[in-house]
Amino acid sequence: MQTKKISQQDLEAHLWASADILRGSIDSSDYKHYIFGLLFLKRMNDVFVEHATELEEEHGDMELAWNDPDLHQFFVPKQARWYKDKTFTDDETIIPISALTSNIGEELDKAMADLEDANSNLEGVLRNIVFNDKEKLTDNTLSKLIRHYSKLSLGNKDLEDPDILGRAYEYLIKQFADDAGKKGGEFYTPQKVVELIVRLLKPAESMKINDPTVGSGGFLISTIHYLQEIRRAQGKDPRNPPISITLTGQEKNINTWAICKMNMLLHGLPDARIEKGDTIRDPKLIDGNQLMKFDRVMANPPFSLKNWGHEEAKADMEGGFGRFKFGIPPKSYGDLAFVQHMYATLDEKGILGVVMPHGVLFRGGAEGKIRKGLLEEDVIEAVIGLPPNLFYGTGIPGCILIINKKKDHTKKNKVMFIHAAEDYEAGKAQNFLRDEDIRKIVETFDSFEKVEKDGGIERYARVVDLDEIKENDYVLNITRYIDTSEPEEEIDLVEAVKEWREAMKERDDAVQEVEKYLEELGIGY
């Protein structure tokens, strides 16, 4: 056990080292389920012990402090406790996690189920993690994992900063996404892209925030970080009182949904509402028979999803939620289905920011009609081109659409285009946005009127009238409106002639030298 408070760096290193125990027997894309599950179980245990100890000291009632669920935000039943505490009887049928030696996977599954049953807000979160698979997880492997986690105390008093566990969880999510490669894109959006969209949308306290393809919850967590940063800048406590905001999301993949739920809980956000299910086919965030409305919607849906719910969209048109007022996207491209769903969930002043493939900017047919409808509704505020190879699973560049239900009068019938594709840090397997790149995009977006007045920023940004976009058949290709070509280098003609003459003289001298050598050798030509 550690003897000093654990730091962010030490915690991240220790948690990532747990993946080494699993390497070789489990696919890297599956590490996260087991490691997150054990991390969550250990964290719940250590916080429970910490709180139970405080309650016993305060009230002098051991039985009440350790066995009354009503006194704990999260109650850990005896069957799920990591260590054997003072309230255990001599009943040997209950073995604490740290003492398990056989059938460990089965016992861990029981502990997860018991913990879930004892806490209603964990329903469905832990049972999906199946440890009882001896072909993948032998007792020896699980015993090593348990010993590894037993070296850490994860109560609040054991951490240098109460926020570091949530940050460590975010770190792990990124590491697992890196390790999983293409599959990483299914649950993780690069943090800098998330940060960029949050800063563009500028959420405020008391707002309702939604991510309809929530993944592991990056946009929701980043919103909290952003609001805490604002408080710090104002000289206020970033955490007290707790930030008043409504966080919601929906996720189709059940394992990713569970990761998101744990992420919210480890960040101290138990009230975040994260629903399970397919957002297009079965939206769960509803109020009566209407879609819930939000102040800000932000998302990174799967690029060009083919089996996205085309038939369900047609049914929606005939008597559903009215999400597809601009038309139904083609069967092979679901991008604008997600955009229209998000648009339908905005309140009267709502704004959304969404990552899209560039195809939505120019593809014709049904998508062209949808794009035309959005433009004629005058809700597209900005199109921002991103660098290539930012996202897991695809090297193609994406773009960000900013859609504003109620544009400022200065932005009416205008769209800002930003060509940010050339500003990034190149990596071996992936490229990255830097802080300065994010700052440049946000400052440009916030300077809409100035950019328009100045006639744009050369090779970077321009405000375009809707009439010009209509003349281009409602195509939104950034290069259609911004000249991104490299400027031709100006030539100093006098200097060029001088250099040419010098080169010709060097050539003549070289020819004379060769002729001299040939003459000495008695060779003519």
Colleague: Roughly how far, to the nearest 0.5 Å, is CG of Asp161 from CG of Leu11?
Modeller: 11.5 Å
Colleague: Is the Phe324 ring parallel, tilted or perpendicular to the Trp308 ring (thresholds 30°, 60°)?
Modeller: tilted
Colleague: Should the pair Lys411 and Phe445 be classed as cation-pi, given the thresholds of under 6.0 Å to the six-membered ring centre and 45° from the axis?
Modeller: yes
Colleague: Is there a side-chain contact (heavy atoms from CB on, under 4.5 Å) between Leu38 and Leu108? Walk through the geometry before answering.
Modeller: CA-CA 9 Å; Leu38 282 178; Leu108 281 174; 4.1 Å; yes
Colleague: Using a 3.5 Å distance criterion without hydrogens, assess whether the side chain of Arg127 forms a donor-acceptor pair with backbone atoms of Met112.
Modeller: no
Colleague: Quick check: closest heavy atoms across Tyr460 and Asp423, and the distance to 0.1 Å?
Modeller: CE1-OD2, 3.5 Å
Colleague: Are the charged groups of Arg434 and Asp437 less than 4.0 angstrom apart, N to O?
Modeller: yes
Colleague: Should the ring pair Tyr169 and Phe36 be called parallel, tilted or perpendicular, given that the plane angle runs from 0 to 90° and is split at 30 and 60?
Modeller: tilted
Colleague: Is the closest side-chain heavy-atom distance between Met264 and Asp271 below 4.5 Å?
Modeller: no
Colleague: Under the 3.5 angstrom rule, does the side chain of Asn119 hit a backbone N or O of Phe75 as a donor-acceptor pair?
Modeller: yes
Colleague: Side chain of Asp408, backbone of Thr410: donor and acceptor closer than 3.5 Å?
Modeller: yes
Colleague: Are any non-hydrogen side-chain atoms of Ile221 and Leu247 less than 4.5 angstrom apart?
Modeller: no
Colleague: Might you point out which heavy atoms bring Met342 and Val354 nearest each other, and give the distance in Å?
Modeller: CE-CG2, 3.3 Å
Colleague: Check for me whether the distance between the ring centres of Phe131 and Tyr34 falls short of 6.0 Å.
Modeller: yes
Colleague: Of Lys369, Glu376, Arg371, which meets side chain to side chain donor-acceptor pair (under 3.5 Å) against Tyr474?
Modeller: Glu376
Colleague: What's the separation between atom OG1 in Thr444 and atom NE2 in His419, rounded to the nearest 0.5 Å?
Modeller: 12.5 Å
Colleague: List the steps, then state whether side-chain contact (heavy atoms from CB on, under 4.5 Å) holds for Asp473 with Lys372.
Modeller: CA-CA 8 Å; Asp473 295 325; Lys372 176 181 177 182; over 6 Å; no
Colleague: How far does CD of Glu251 sit from OG1 of Thr256, to the nearest 0.5 angstrom?
Modeller: 5.0 Å
Colleague: Taking the side chain as C-beta and beyond, is there a heavy-atom pair between Leu269 and Ile224 under 4.5 Å?
Modeller: yes
Colleague: Using 4.0 Å as the upper bound for N to carboxylate O, is an ion pair formed by Glu229 and Arg232?
Modeller: no
Colleague: I'd like to know whether Phe326 forms a side-chain contact (heavy atoms from CB on, under 4.5 Å) with Leu336, so could you lay out the CA-CA distance, the side-chain angles of the two residues, the decisive distance to 0.1 Å, and finally the verdict.
Modeller: CA-CA 10 Å; Phe326 302 113; Leu336 292 178; over 6 Å; no
Colleague: Does Glu195 pair with Arg199 as a salt bridge, N-O distance under 4.0 Å?
Modeller: yes
Colleague: Hey, are the side chains of Phe294 and Thr248 touching, using non-hydrogen atoms and a 4.5 Å cut-off?
Modeller: yes
Colleague: Check whether any side-chain heavy atom of Leu291 sits under 4.5 Å from a side-chain heavy atom of His341, and report yes or no.
Modeller: yes
Colleague: Determine whether a donor-acceptor pair (N or O, by modelled atom type, separation under 3.5 Å) exists between the side chain of Asp295 and the backbone of Lys208.
Modeller: yes
Colleague: Could you tell me whether Asp282 and Lys284 make a salt bridge, using a distance below 4.0 angstrom between a side-chain N and a carboxylate O?
Modeller: yes
Colleague: Keeping Ser447 on the side-chain end and Glu443 on the backbone end, is there a donor-acceptor pair under 3.5 Å?
Modeller: yes
Colleague: Work out which heavy atom in Thr213 is nearest to a heavy atom in Ala299; give both atom names and the distance.
Modeller: OG1-CB, 3.7 Å
Colleague: Using a 6.0 Å cut-off, check whether atom CD of Glu377 has over 12 heavy atoms from anything other than its own residue.
Modeller: yes
Colleague: Which pair of non-hydrogen atoms, one from Asn45 and one from Ala80, has the smallest distance, and what is that distance?
Modeller: ND2-O, 3.0 Å
Colleague: Among side-chain atoms of Asn477 and Thr479, is any donor-acceptor pair under 3.5 angstrom?
Modeller: no
Colleague: In Å, rounded to the nearest 0.5 Å, how long is the span from CZ of Phe321 to CG of Asn289?
Modeller: 7.5 Å
Colleague: Identify whether NZ of Lys or CZ of Arg in Lys414 sits under 6.0 Å from the centre of the six-membered ring of Phe448 and within 45° of that ring's axis.
Modeller: no
Colleague: Could you check whether Lys202 pairs with Asp446 (Lys NZ or Arg NE/NH1/NH2 to Asp/Glu carboxylate O, under 4.0 Å)?
Modeller: yes
Colleague: Specify the closest pair of heavy atoms between Gly327 and Ile370, including all atoms of both residues, with the distance to one decimal.
Modeller: O-CD1, 3.5 Å
Colleague: Please check if the side chain of Asn413 supplies one atom and the backbone of Leu466 the other of a donor-acceptor pair under 3.5 Å.
Modeller: no
Colleague: Taking Arg323 for the side chain and Ile280 for the main chain, is one N or O donor matched with an acceptor at less than 3.5 Å?
Modeller: yes
Colleague: I'd like to know if the side chain of His225 pairs up with that of Glu170 as donor and acceptor (distance under 3.5 Å, no hydrogens or angles considered).
Modeller: yes
Colleague: Under a 3.5 Å distance rule, please check whether Lys407 uses its side chain to pair with a backbone N or O of Ile380 as donor and acceptor.
Modeller: yes
Colleague: Is a side-chain donor or acceptor of Arg296 paired with a backbone partner of Leu201 at a separation under 3.5 angstrom?
Modeller: yes
Colleague: Quick one: are Leu386 and Pro397 in side-chain contact, heavy atoms under 4.5 Å?
Modeller: no
Colleague: Quick one: pull up CD in Glu367 and CG in Asp335 and give me the separation to the nearest 0.5 Å.
Modeller: 6.5 Å
Colleague: Are the side chain of Lys293 and the backbone of Ala344 linked by a donor-acceptor contact shorter than 3.5 Å?
Modeller: yes
Colleague: Examine Lys405 relative to Tyr343 and say whether NZ or CZ is less than 6.0 Å from the centre of the six-membered ring and inside a 45° cone about the ring axis.
Modeller: yes
Colleague: Indicate the atoms forming the closest heavy-atom contact of Cys260 with Gly215, along with that distance.
Modeller: CB-O, 3.2 Å
Colleague: Verify the neighbour count for atom CG of Asp287: are there more than 12 heavy atoms of other residues, nucleotides or ligands below 6.0 Å?
Modeller: no
Colleague: Using side-chain contact (heavy atoms from CB on, under 4.5 Å) as the criterion, point out the one residue from Leu352, Leu374, Leu361 that pairs with Leu401.
Modeller: Leu361
Colleague: Whether Lys252 and Asp278 form a salt bridge (side-chain N of Lys/Arg under 4.0 Å from carboxylate O of Asp/Glu) is what I want to check.
Modeller: yes
Colleague: Is it the case that more than 12 heavy atoms not belonging to Lys412 sit under 6.0 Å from its NZ atom?
Modeller: yes
Colleague: Answer whether the closest heavy-atom distance between the side chains of Val47 and Leu154 falls below 4.5 Å.
Modeller: no
Colleague: Would you find more than 12 non-hydrogen atoms of other residues, nucleotides or ligands less than 6.0 Å from Glu205 atom CD?
Modeller: yes
Colleague: Are any of the side-chain heavy atoms of Ile164 and Ser7 separated by less than 4.5 Å?
Modeller: no
Colleague: Identify whether the distance between the nearest side-chain nitrogen and carboxylate oxygen of Lys192 and Asp435 falls below 4.0 Å.
Modeller: yes
Colleague: Check this for me, if you would: do Glu312 and Arg281 make a salt bridge, where the nitrogen-to-carboxylate-oxygen distance has to be below 4.0 angstrom?
Modeller: yes
Colleague: Dump the intermediate steps for side-chain contact (heavy atoms from CB on, under 4.5 Å) on Asn263 and His267, then the final yes or no.
Modeller: CA-CA 6 Å; Asn263 197 8; His267 277 87; 2.9 Å; yes
Colleague: Can you measure from CD1 (Ile286) to OG1 (Thr345) and round to the nearest 0.5 angstrom?
Modeller: 13.5 Å
Colleague: Using the six-membered ring wherever Trp is involved, compare the ring planes of Tyr171 and Trp16 and label them parallel, tilted or perpendicular (cut-offs 30° and 60°).
Modeller: perpendicular
